[in-house]
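Heads up: numbering here begins at 1 and tracks the sequence.
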Amino acid sequence: MTALAAAAARTSRVELVTTVLNVGWRNNPVLLAKQLASVERISGGRLTAGLGLGGWPEDFAAGQVSQQGGAALWASTLETTAQVWVGKLSGRGGPMPELPEGRPALLFGGLVPAAFTRAATHGEGWVAPLFGLSVLQEGAAAVRGVWERAGRPGRPRVMTGRYFGLGHGTDPSPTSTSATTTGTPSSPWSAPTR
């Protein structure tokens, strides 16, 4: 969130997107809602929050958070963030100023039917994981199906990302599979492999 706030302060036109911000191991939905609202306000309404429950057990273990109870956590987090964004929750400093309806824009990640339903009924669409074209195509079709059955106009937004690496150990060829020489996915934060 810090990097997005900095980008929001230094830019004026680019969309700012999280793909995905895992809420499963963030223990404070009010704080999350306030952070997202702050980036939304600093950016002048350019934030799209891609949210996911988180699927990697290692992330939950590192954060000392249980991976159990995901559905209840999601429902609670979505309800709490919605209440914060419309000024219904307040602390000692009073309620947060209300955000415009539908802001920030929301996309949802996940690879299970409940995630596709959430993306089609509570957001503007789906954030696909970086697991290949077939996963992207199947997930997008599932989200579109739920979207249509829900009677929503238009089409859901489908977004994905791309890992990349800079520096020693990266493969400069355009046909690279984005793997380092150790065979693990590379990222802008990966350490040199040589």
Donor-acceptor side-chain pairing of Thr11 and Arg46 below 3.5 angstrom: yes
- prompt: Do Trp85 and Leu21 belong together in a cluster built from hydrophobic side chains that touch within less than 4.5 Å?
  reply: yes
message: On a heavy-atom basis, which atom in Ala115 and which in Leu111 lie closest, and how many Å separate them?
response: CB-N, 4.1 Å
- prompt: Hey, any chance Val14 and Met1 share a hydrophobic cluster, counting ILVMFWY side chains that come within less than 4.5 Å of each other, even indirectly?
  reply: yes
message: So Asn22 and Leu53, do their side chains get closer than 4.5 Å, heavy atoms only?
response: no
- request: Search all heavy atoms of Gly125 against all heavy atoms of Pro156 and return the closest pair with its distance.
  value: CA-CB, 4.0 Å
Interatomic distance, Leu106 atom CG to Thr48 atom OG1 [nearest 0.5 angstrom]: 8.5 Å
query: Transitively linked via ILVMFWY side-chain contacts under 4.5 Å: Val158 with Trp147?
result: no
message: Under 4.0 Å between a side-chain nitrogen and a carboxylate oxygen: does that hold for Glu15 and Arg157?
response: yes
Between Phe116 and Trp126, ring centroids under 6.0 Å: yes
field: Residues Leu51, Val20; criterion side-chain contact (heavy atoms from CB on, under 4.5 Å); working and verdict
entry: CA-CA 5 Å; Leu51 305 175; Val20 297; 5.9 Å; no
statement: Separation between CD (Gln83) and OG1 (Thr81), nearest 0.5 Å, reads 9.0 Å
Met159 and Val17: CA distance, side-chain angles, deciding distance, side-chain contact (heavy atoms from CB on, under 4.5 Å) verdict: CA-CA 10 Å; Met159 181 177 285; Val17 182; 3.4 Å; yes
- prompt: What are the two closest heavy atoms between Pro95 and Gly87, and how far apart are they?
  reply: CB-O, 3.4 Å
message: To the nearest 0.5 Å, what is the distance between NZ on Lys88 and OG1 on Thr80?
response: 12.5 Å
- prompt: Side chains of Thr18 and Leu4: closer than 4.5 Å at any heavy-atom pair?
  reply: yes
message: With a sphere of 6.0 Å drawn around CZ of Arg152, does it hold more than 12 non-hydrogen atoms of other residues, nucleotides or ligands?
response: yes
- request: Check whether NZ of the Lys or CZ of the Arg Arg118 lies under 6.0 Å from the centre of the six-membered ring of Trp74 and within 45 degrees of that ring's axis.
  value: yes
message: Quick check: closest heavy atoms across Gly50 and Val127, and the distance to 0.1 Å?
response: CA-CG2, 4.0 Å
query: For Met96 and Leu89, what are the C-alpha separation, side-chain angles and deciding distance, and is it a side-chain contact (heavy atoms from CB on, under 4.5 Å)?
result: CA-CA 8 Å; Met96 191 182 84; Leu89 282 182; over 6 Å; no
statement: All heavy atoms of Ile42 vs all of Ala9, minimum pair found to be CG2-N, 3.8 Å
- request: Please examine the side chains of Thr117 and Val143, heavy atoms only from C-beta on, and report whether any two atoms are closer than 4.5 Å.
  value: no
field: Side-chain donor or acceptor of Arg41 paired with backbone N/O of Pro97 under 3.5 Å
entry: yes
message: Checking the side chain of Glu40 only, and the main-chain atoms of Leu47 only, is there a donor and an acceptor separated by less than 3.5 Å?
response: yes
- prompt: For Leu99 and Val86, what are the C-alpha separation, side-chain angles and deciding distance, and is it a side-chain contact (heavy atoms from CB on, under 4.5 Å)?
  reply: CA-CA 6 Å; Leu99 292 176; Val86 297; over 6 Å; no
field: Distance-minimising heavy-atom pair for Phe108 and Ala119
entry: CD1-CA, 3.8 Å
